[in-house]
Amino acid sequence: MTVTNKTNLDDVAIDRIIEMAWEDRTPFDAIQFQFGLAEADVKALMKRELKFSSYKLWRKRVEKCKTKHLAKRVEGIDRFKCKLQRAISNNKISKR
């Protein structure tokens, strides 16, 4: 699935991808695992969906954020989600 083929992504999925991209602790690998979008695809989606000023702020955050890239993460963090969060299936978080 690529971002250029927007027909595969509904509004709910796009909103979730944007939410995950804004979260500091969610790596791009988690987005790729759930939606099949590489980091470059997520950046293109963010640029297309956000206002330009918001996109610039997000890019600044992503560049400085070590947790967005698994290779830069601290060695002890090996999960995609908070340990308090229950299992995710089909992008839906179970009720707590």
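Values below: all heavy atoms of this structure, side chains included; hydrogens, waters and symmetry mates excluded. These numbers come from a predicted model, not from an experiment.
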**Prompt:** Is it true that a side-chain atom of Asp15 and a backbone atom of Val12 form a donor plus acceptor pair closer than 3.5 Å?
**Reply:**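 No.
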**Message:** Please check: side-chain N/O of Trp58 versus main-chain N/O of Leu50, any donor-acceptor pairing under 3.5 Å?
**Reply:**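 Not a single qualifying donor-acceptor pair exists.
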Spacing of [atom1] belonging to [X] relative to [atom2] belonging to [Y], to within rounding of 0.5 Å:
| X | Y | atom1 | atom2 | result |
| --- | --- | --- | --- | --- |
| Met46 | Tyr55 | CE | OH | 8.5 Å |
| Arg16 | Gln34 | CZ | CD | 6.5 Å |
| Leu57 | Trp22 | CG | CH2 | 5.5 Å |

**Message:** Taking side chain to side chain contact (heavy atoms under 4.5 Å, CB included) as the definition, give me every residue that meets it alongside Lys51, ordered by chain and number, with sequence neighbours left out.
**Reply:**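 Per chain and number, Lys51 pairs via side chain to side chain contact (heavy atoms under 4.5 Å, CB included) with Ser53, Ser54.
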**Asked** Any idea which heavy atoms bring Ala30 and Thr26 closest together, and the distance?
**Response**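 Closest heavy-atom pair between Ala30 and Thr26: CB-CG2, 4.0 Å.
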**Prompt:** Do you know the tightest heavy-atom contact between Ala21 and Val42?
**Reply:**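 Shortest heavy-atom contact: CB-CG1, 4.1 Å.
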**Asked** Picking from Lys60, Arg59, Arg61, what satisfies salt bridge (charged side-chain N to carboxylate O under 4.0 Å, His left out) with Glu63?
**Response**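 It is Arg59; the other options fail the test.
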**Request:** For a side chain to side chain contact (heavy atoms under 4.5 Å, CB included) with Phe35, tell me which candidate from Ile14, Ile17, Leu45 qualifies.
**Result:**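 Testing each of Ile14, Ile17, Leu45 against Phe35, the sole residue satisfying side chain to side chain contact (heavy atoms under 4.5 Å, CB included) is Ile17.
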**Item:** Non-hydrogen side-chain atoms of Glu39 and Lys43 separated by less than 4.5 Å
**Value:**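 In contact.
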